[in-house]
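Here is how names work: the chains are called A, B, and so on, in the same order as the sequence lines, proteins then strands, and each is numbered from 1. Computation of the quantities below employed the complete heavy-atom set of this structure, encompassing side-chain atoms and omitting hydrogens, waters and symmetry-equivalent molecules.
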Protein chains: 2
Amino acid sequence: MLPKDYADQNCSIARVLELIGERWTVLILRDAFFGVRRFADFAEHLGVPRAVLTDRLRTLVDNGILARRRYSEQPPRDEYVLTDLGVSLWPVLYAMSQWGEAHLSAGGPRRVFRHAACGTGLDAHGFCPRCRTAVPAPDVVMDDGPAAPARDNRVSRRLTVPRRLLTPLAD
Amino acid sequence: MLPKDYADQNCSIARVLELIGERWTVLILRDAFFGVRRFADFAEHLGVPRAVLTDRLRTLVDNGILARRRYSEQPPRDEYVLTDLGVSLWPVLYAMSQWGEAHLSAGGPRRVFRHAACGTGLDAHGFCPRCRTAVPAPDVVMDDGPAAPARDNRVSRRLTVPRRLLTPLAD
DNA sequence: CCCGGTAAGTTCATTGATTGAACCGATGGA
DNA sequence: TCCATCGGTTCAATCAATGAACTTACCGGG
């Protein structure tokens, strides 16, 4: 979105939008929750221009939402993983997902989310109805729903389900 | 943000972002929940360029999130109010607000939200801990928190608290 | 040694969006 | 008559996004 700042500094929603409100940023975070970590995988999966991806990853790292980690010294290679602060954004993403599934997806949900501990589907608020507890992102398992889309690119095919959130993509 | 579309059509989050992901849109919705309805009030409160406001309001109306209603025939004057579909976006806004208050606001929350029926503060998920129930936007009362900002413009001053969400601004 | 491939970027010209100031038309009030 | 309000539109200048090409470092094979 935006030149990114909102003068309307007083509101916490405006402050959040300054961190995650730019175009592509929320989709980058969604992919990070699903296990995408590498620059090339984000670029291929999202179709985002590489220059924009570079900028967004840098902003997220600067704000402590992602961490850049070296996973290979020779050759030098970095990956981007959600920090604890980043993981705590899950309720925002989940709320968007649920609204979209409820109001924009004819034929049922594309994806469903379950409590890893018991396998029960989460409710609209991210609670496990069986355990009567809020389920944080690391305890969520994602699976295909009845309206699951075709996996039409290499990254999508590596994004196998059922899959626990934050589990890195296999090669 | 953006040219507004995301080719990655398969994901419900991407679809939601196509509706509410452009710059300013979420802040327009926030104001609509707080009771702002008129073009001039949105423009003054947000500091958004009028041409952009026109475009965003039109997009939201076209997608059924806001409704345009005539509130005066002579002179002809329209206002913008949330539809039921728009009101159902509250959990998305609430999740953003809670994350911002928890992680970006030193000195406690700027705003607090209570269950209108019992006066109890809502938890991080929008539940009333006393009634053990999810609280929809029309049953939420907003109030100043310990870090409440100064009211530095005319619209802010008309945004009195405590205030039930969706209650229109008085003149 | 040379060639091809992968990963993670950078550069740059073109296109598109945002900004802010100015303008407009209808009405209402002093 | 003059000024103000409301709800916009218009337009030039600025800023951001796009996509293709290029770069650097390394690895593996022949």
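- Only one option out of A/Leu93, A/Ile28, A/Ile65 pairs with A/Ile20 in a side-chain contact (heavy atoms from CB on, under 4.5 Å); it is A/Ile65.
- Residue side chain B/Arg50 does not reach the base of C/dG20 through any donor-acceptor N/O pair under 3.5 Å, judged by distance alone.
- Side-chain N/O atoms of A/Trp24 include one lying less than 4.0 angstrom from OP1 or OP2 on D/dT18.
- Taking atom CZ of residue B/Arg70 and atom P of nucleotide C/dA26, one finds them 14 Å apart after rounding to whole Å.
- Backbone-only engagement by B/Tyr71 is indicated by non-hydrogen atom pairs under 4.0 Å involving sugar-phosphate atoms exclusively.
- Here the two rings, on A/Tyr80 and A/Phe39, have centers that are 6.0 Å apart or farther.
- The shortest distance between the side-chain N/O atoms of B/Thr54 and the OP1/OP2 oxygens of D/dG7 is not below 4.0 Å.
- Separation of the B/Phe113 and B/Trp90 ring centroids falls under the 6.0 Å cut-off.
- Using a 4.0 Å heavy-atom distance criterion, A/Tyr80 is classed as a sugar-phosphate-only contact.
- In terms of phosphate contacts, B/Arg56 brings a side-chain nitrogen or oxygen within less than 4.0 Å of OP1 or OP2 of C/dT18.
- Residue B/Arg77 has no polar side-chain atom (N or O) positioned under 4.0 Å from OP1 or OP2 of C/dG28.
- When each of B/Met96, B/Glu101, B/His103 is paired with B/Trp99, the side-chain contact (heavy atoms from CB on, under 4.5 Å) condition holds for B/His103 and for no other.
- Comparing A/Gln74 and B/Asp78 by the nucleotide of DNA chain D whose heavy atom lies nearest to each, the residue mapping closer to the 5' end is B/Asp78.
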